[in-house]
Amino acid sequence: MEMTSAQQIWRTALGELEIQVNKSNYHTWLQKTVGLDYHDNHFIIGAPNTFVAEYLDRNQRSLIERVLSNLVHNEVEAQFKVSTDPGNAAASYATRGKNIPVQQTSLALFNPRYTFDSFVVGRGNLLAYAAARGVSQDPGRSYNPLFIYGGAGLGKTHLLQAIGQTAVANKQKTVYASAEHYTNDLVTAIRERKTDDFRDKYRSADMLLIDDVQFFGGKEQTEETFFHTFNELHNSSRQIVLVSNCPPKDIPLLPERLRSRFEWGLVTDVQPPDFETRLAILQAKAKKEGIAASADVLEHIALQVQQNIRALEGALNKVVAYARLMRANLSTELVTEALKDTAGNEAKRIPVTPALIVETVANTFQMALSDLKGRKRDEPTVLARQVAMYLIRQDTDCSLAAVGKELGNRSPATVTHAYQKIANDISNDPQLRRKVLGIQQKYAPAT
Ligand code: ADP
Ligand code: MG
């Protein structure tokens, strides 16, 4: 089978995997993988480095094989290889705006697909869309900040990047980052004693776009710097747009002064799409990709996938990949057949809890839970504790503060330090890496 097909199938598989594994897992291990080749039941997946390839091989192989087998309706054996293929997801993101100095555009990495033109407007997202257009046309003067919130896969990042691409086209210095990225940037700046650069980068923006700001909750040092960044930009009428999975008042552990600022401008949400909007999104996507699907077929997909636009796009990809593999025409029967394993997958996943991780770490290091959470500072205990912090950050959505709390009320800074230390150590120390992977396997066995 030729390369494009392997790439396409893997892209569809990623859509499925994104729903099945938790967000940080997806981000760490899967996001940068590519489908390299598929022949004789062997599916070759490219990973950015050996660590990721090894992790996927040990921990996610059966899940991946199951997803692939479902997609191609055949037993598939997955193989993982290191690949720096330029076709991978991260590399295909491009910067826009030709006449702007590199130094400025390099701060804003956008998915070229995420524009206002490709955004389908419906009842659930009309207000957010209108507000986003408003701030992109008249930055700093309509609503500042603009705060958009809503559930996963409803187009928040799409809108945020559409604002960004418009701003870059209008030669505005645009800084786009996820809250997680902002935090990592700060930590790096502190470590490398470059906090002035950090401050310049964010405070010199004409337009600051921060995605997933719910991650700011409980991160004290980040909040502190963001508070000042916010004030400085706001005072000089530069536009700030924030995106979150919940309204400001529901972000856990967000200090009052930030919460109130987040509510200064316009707070608006995106709602799950109604049937007409789902159908319109499918029609737009089918048209753009040259997929010849009848109204019947698209309606059938729109009826089956209701909650989330990412899942809706995944479903269309899946149906098309299925038809191609079966050499069949797109029909409503084929849609039913192709999507039969999709519904309900989300509910089957067992969530990994911090408590389960701490317990597994204690067992593996043969240590009492009370020691792990207590004050002992001998080397083995400290290492086990740091591994537990690392794994909770890696495999759950817990904030730094929540991780610290789980391990005997340690500070977010301690957790950040532990996370970075272990992340660094496992890439240099194969023995520790095996141990950490072994622990992950125990609490999240590949199903
Ligand atoms: P969120 O950030 O809310 O989780 P995303 O912005 O990542 O969601 O959207 C998920 C996918 O759905 C993206 O591929 C995006 O382009 C697409 N999408 C979301 N809303 C729309 C829309 N209204 N019209 C077209 N595509 C959309
Ligand atoms: Mg998003």
Side-chain angles (χ1 to χ4, degrees), residues 8 11-24 26-27 30-31 89-90 92-94 96 108-133 136 146-166 176-182 209-216 241-247 251 267-289 291 298 301-302 305-318 320 346 397:
Q8 250 160 17
R11 237 178 277 141
T12 310
L14 281 178
E16 187 85 349
L17 288 163
E18 192 170 6
I19 299 169
Q20 299 214 12
V21 305
N22 80 30
K23 198 167 166 170
S24 53
Y26 181 83
H27 191 78
L30 289 162
Q31 198 168 41
S92 69
Y93 278 31
R96 286 294 171 105
L109 286 173
F110 298 119
N111 184 331
R113 281 202 307 120
Y114 293 174
T115 61
F116 284 122
D117 284 346
S118 65
F119 193 83
V120 176
V121 183
R123 210 179 318 156
N125 59 28
L126 175 63
L127 217 74
Y129 171 81
R133 276 228 102 124
S136 71
L146 170 61
F147 190 103
I148 300 173
Y149 71 92
L154 296 182
K156 303 182 299 296
T157 297
H158 187 138
L159 275 180
L160 191 64
Q161 294 201 2
I163 298 173
Q165 309 208 40
T166 311
Y176 167 88
S178 67
E180 194 95 85
H181 183 112
Y182 180 93
L209 310 168
I210 305 282
D211 205 343
D212 289 321
V213 292
Q214 72 273 7
F215 281 111
F216 280 160
V241 186
L242 307 166
V243 158
S244 163
N245 67 0
C246 60
I251 298 177
V267 177
T268 180
D269 67 342
V270 283
Q271 294 280 342
D274 55 20
F275 175 75
E276 287 74 20
T277 312
R278 298 201 298 277
L279 190 57
I281 289 170
L282 288 172
Q283 282 164 343
K285 190 168 161 75
K287 183 163 170 228
K288 181 156 182 293
E289 305 201 348
I291 299 164
L298 296 182
I301 300 173
V305 184
Q306 310 210 337
Q307 270 313 309
N308 163 325
I309 296 163
R310 189 175 292 127
L312 193 65
E313 291 184 335
L316 179 63
N317 287 338
K318 188 167 177 178
V320 171
E346 217 163 344
D397 286 333

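For this chain, numbers begin at 1 and follow the sequence in order. Counting starts at 1 for both ligands and their atoms, following the listed order. The shown structure was predicted, so the numbers you read here are calculated from the model rather than taken from an experiment.
For the atom pair OG1 (Thr12) and CD (Glu313), the distance works out to 11.5 Å, reported to the nearest 0.5 Å. From Glu18, atom CD reaches atom CG of Leu14 across 8.0 Å, with rounding to the nearest 0.5 Å. With rounding to the nearest 0.5 angstrom, the CG atom of Leu282 is 11.0 Å from the OG1 atom of Thr277. Here the CD-CG distance, from Gln165 to Asp117, works out to 10.5 Å after rounding to the nearest 0.5 Å. With rounding to the nearest 0.5 angstrom, the OG1 atom of Thr115 is 10.5 Å from the CG atom of Leu159.
Classified by interplanar angle (parallel below 30°, tilted 30° to 60°, perpendicular above 60°), the ring pair Tyr129/Phe119 is parallel. Using cut-offs of 30° and 60° for the angle between ring planes, the Phe216 and Tyr182 rings count as perpendicular.
Here the protein heavy atom with the shortest distance to atom 25 (C) of ligand 1 is Ser118 O, 3.3 Å. Nearest protein heavy-atom neighbour of atom 13 (C) of ligand 1: Tyr114 OH, 3.6 Å. Among all non-hydrogen protein atoms, the one lying nearest atom 7 (O) of ligand 1 is Arg310 NH2, 2.9 Å. Looking only at protein heavy atoms, the nearest one to atom 23 (N) of ligand 1 is Val120 O, 2.8 Å. Atom 14 (O) of ligand 1 has its closest protein heavy atom at Glu313 OE1, 2.7 Å. Residue, atom and distance of the protein heavy atom nearest to atom 8 (O) of ligand 1 are Gly155 N, 3.1 Å.
Counting only distance, with no hydrogens or angles, the side chain of Lys156 and the backbone of Ile148 share no donor-acceptor pair below 3.5 Å.
Every atom of ligand 1 is numbered from 1 in the order shown, and the set under 4.0 Å from a heavy atom of Ala152 is 4 (O). Annotation for ligand 1: atoms under 4.0 Å from non-hydrogen atoms of Gly151 are 3 (O). Atoms of ligand 1 found under 4.0 Å from any heavy atom of Ile309, numbered from 1 in the order shown, are 12 (O), 17 (C), 18 (N), 19 (C), 20 (N), 21 (C), 27 (C).
Residues Thr268 and Leu146 meet the side-chain proximity criterion, which asks for heavy atoms closer than 4.5 Å. Inter-residue side-chain proximity for Asn317 and Glu289 is flagged as met; some heavy-atom pair is nearer than 4.5 Å.
Of the candidates Gly122, Gly153, Gly150, it is Gly153 that places a heavy atom closest to atom 4 (O) of ligand 1. Counting heavy atoms only, His158 comes closest to atom 16 (O) of ligand 1 of the residues His158, Arg113, Glu18, Lys156.
Counting heavy atoms under 4.0 Å from ligand 1, residue Ala284 does not touch it at all. With a heavy-atom cut-off of 4.0 Å, Asn125 touches ligand 1 through its side chain alone.
In this structure, Pro273 has no heavy atom closer than 4.0 Å to ligand 1.
Considering backbone and side-chain N/O of Leu154, one or more are found under 3.5 Å from N/O of ligand 1.
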